[in-house]
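Everything below concerns the one structure shown next.
In what follows, residues are counted from 1 in the order of the sequence shown. Side chains are part of it too, since the values below use all heavy atoms of this structure and drop only hydrogens, waters and symmetry mates. All values derive from a computational prediction rather than experimental measurement. Remember, it's 1-based here, ligands and their atoms both numbered in the order they're listed.
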Amino acid sequence: MSYVDEALARVKKQNPDQPEFNQAVYEVLESLRAVIEKNEDTYRRNALLERLTTPERIVMFRVPWVDDKGQVQVNNGYRVQFNSAIGPYKGGLRFHPSVNLSVIKFLGFEQVFKNSLTGLPIGGGKGGSDFDPKGKSDREVMAFCQSFMTELYKYIGADTDVPAGDIGVGGREIGYLFGQYKRIRSLYEGVLTGKGLTYGGSLARTQATGYGLLYLTEEMLKCNGKELAGKTVVVSGAGNVAIYAIEKAWQLGAKPVTCSDSTGWIYDPEGIDVALLKEVKEVKRARLTEYAKARPGAVYHEGKGVWSVKCDVALPCATQNELLLEDAKTLVANGCFAVAEGANMPTSLDATAYLQEHGVLFCPGKASNAGGVATSALEMTQNSQRLSWTFEEVDAKLKDIMVNIFHNLDAAAKEYGMEGNYVAGANIAGFLKVANAMDAQGIV
Ligand code: NDP
């Protein structure tokens with residue numbers, strides 16, 4: 001049996017009830033076959049893949065808090081510190097009812113390669129809770145965040161592990177978490193990123209993942225003889241990533257015509273009105289029906305459906321496994337020629353394969369959504385320097401990073417005879433740096 005197959009079998013046997021984690025490991029190791037086989041004996045002797053697929057540390061904890069009725073609630077808290085070979089653990093916190101160990105491990109595993117691709121010194125981790133901030137009062141969210149941090153603070157620090165936001169964790173939650181950390185530790189340090197601008201946050205962090213997605217998409221199109229300007233873009237999601245992807249798509253001359261949330265989606269033939277979308281989602285925290293009410297030309301549909309809209313470019317920006325095989329077939333039939341993931345693992349494995357087989361340019365999230373974590377690393381740098389850069393400085397660095405990421409994965413794919421396979425390219429480029437660092441640091 002090849003070493004990759006041995007490693008995959010081991011992960012499956014040890015984590016039989018973790019489908020998302022198994023899916024992520026399978027996708028990465030399959031595309032690393034050519035690289036591993038070149039060095040198979042050394043990697044096997046050093047148990048490189050076993051170490052790569054086993055988190056350095058998993059912390060699981062109880063999060064008790066009191067709701068507005070005086071009832072005690074209990075949620076599960078997680079922090080998976082996956083790999084610190086190239087820097088302190090770095091990765092977001094997700095608060096969503098679907099959070100479990102499998103989801104956090106899949107996200108932490110992906111984060112290792114994503115962070116490596118940015119070219120910045122950050123290891124991979126992820127955390128979160130099955131707490132649902134939706135429908136909770138500000139006081140309840142604060143009570144939860146304070147309880148969560150009262151346990152988490154033991155394991156994190158500016159040079160150890162630096163969490164950030166993710167689904168359900170935005171500026172409000174980061175503020176409460178930071179306040180509690182500072183209070184417990186009596187330490188003002190850059191322990192979290194995504195902070196508010198008045199207390200150590202970086203300009204352009206809010207926009208970074210969505211903007212970065214579009215910078216990379218534009219570069220991918222350019223290097224394939226196409227251009228983004230004038231194209232119709234379909235976007236899923238209506239959160240942080242989707243909103244700023246839509247904003248930057250407009251700025252680059254494209255026309256984004258859809259967005260979605262967990263209950264329905266909008267088709268706006270005139271193009272999504274970003275100011276209105278921000279008002280509905282960032283200010284009112286309302287459903288997309290409010291968008292349709294304020295915009296007569298737009299149509300609201302219940303359920304899923306953005307991938308049925310004819311487009312040139314598709315940007316899944318909501319959540320994992322939201323673009324399935326049937327959706328991929330519809331996109332291809334409608335002439336879509338590029339898909340770049342804003343969310344983490346939004347495209348299922350069979351849908352990815354279908355898109356690639358049908359000549360669609362496909363960029364995986366670990367590369368195309370790396371702008372968020374890259375800018376978080378720039379926030380860490382600014383915190384260490386006790387300086388703040390201007391929006392333009394951060395944005396220019398972000399653009400450089402995204403363009404470099406694309407060229408690195410393009411070159412890695414070519415080097416290993418898989419030209420145009422950006423999934424393989426991203427995994428290979430991300431893997432080699434981490435594997436070299438692990439090798440140099442001995443058996444730890
Ligand atoms: P937000 O919480 O801001 O937004 C998520 C959006 O997706 C919301 O519109 C939400 O709808 C929708 N959504 C969430 N879960 C589901 C579901 N199960 N089915 C359908 N729709 C759903 O999160 P972000 O925009 O920050 O994150 C989106 C994705 O991007 C995630 O995969 C995240 O891991 C990834 N990502 C985020 C980064 C960041 O910097 N924010 C960085 C890199 C990756 P509703 O409003 O109804 O909840």
For atom 3 (O) of ligand 1, what's the nearest protein heavy atom and its distance? Asn240 N, 2.9 Å

Look at the side chain of Glu151 and the backbone N and O of Ser147, then say whether any donor-acceptor pair between them is shorter than 3.5 Å. no

Option with minimal heavy-atom separation from atom 30 (O) of ligand 1, where the choices are Gly264, Ala343, Gly372, Ser376: Ala343

Is any side-chain heavy atom of Asn83 closer than 4.5 Å to one of Leu52? yes

For atom 9 (O) of ligand 1, which protein heavy atom lies nearest, and how many Å away is it? Ala238 N, 2.9 Å

Geometric N/O contact Asn369 with ligand 1, under 3.5 angstrom: no

In the protein, what heavy atom is nearest to atom 19 (N) of ligand 1, and what distance, to one decimal place, separates them? Thr319 CG2, 3.9 Å

Please report whether ligand 1 has a polar contact with Val241, defined as an N or O pair separated by less than 3.5 Å (distance criterion only). yes

Go through the side-chain N and O atoms of Thr319 and Glu322 and say whether any donor and acceptor fall under 3.5 Å apart. no

Looking only at distances, please establish whether an N/O atom of ligand 1 is found under 3.5 Å from an N/O atom of Arg205. yes

Under 4.0 Å, counting heavy atoms only: does Asp166 come that close to any atom of ligand 1? yes

Answer side chain, backbone, both or neither: which part of Glu282 comes under 4.0 Å from ligand 1, heavy atoms only. neither

Main-chain N/O of Asp68 paired with Glu140 side-chain donor or acceptor, under 3.5 Å: yes

For ligand 1, is any non-hydrogen atom under 4.0 Å from Ala370's backbone (N, CA, C, O), its side chain (CB onward), both, or neither? neither

Counting only heavy atoms, which portion of Lys281 has something under 4.0 Å from ligand 1: side chain, backbone, both, or neither? side chain

Met345 near ligand 1, heavy-atom distance under 4.0 Å? no

Counting heavy atoms under 4.0 Å, the part of Arg94 that contacts ligand 1 is side chain

Could you identify the single nearest non-hydrogen protein atom to atom 20 (C) of ligand 1 and state the distance to 0.1 Å? Ser262 CA, 3.6 Å

Establish, from distance only, whether the side-chain atoms of Glu27 and Asn427 form a donor-acceptor pair under 3.5 Å. yes

Test ring pair (Phe, Tyr, Trp, His ring centres under 6.0 Å) applied to Phe148 and Phe131, Trp65, Phe61, the passing residue: Phe61

How does Thr209 reach ligand 1, if at all, at less than 4.0 Å between non-hydrogen atoms: by side chain, backbone, both, or neither? side chain

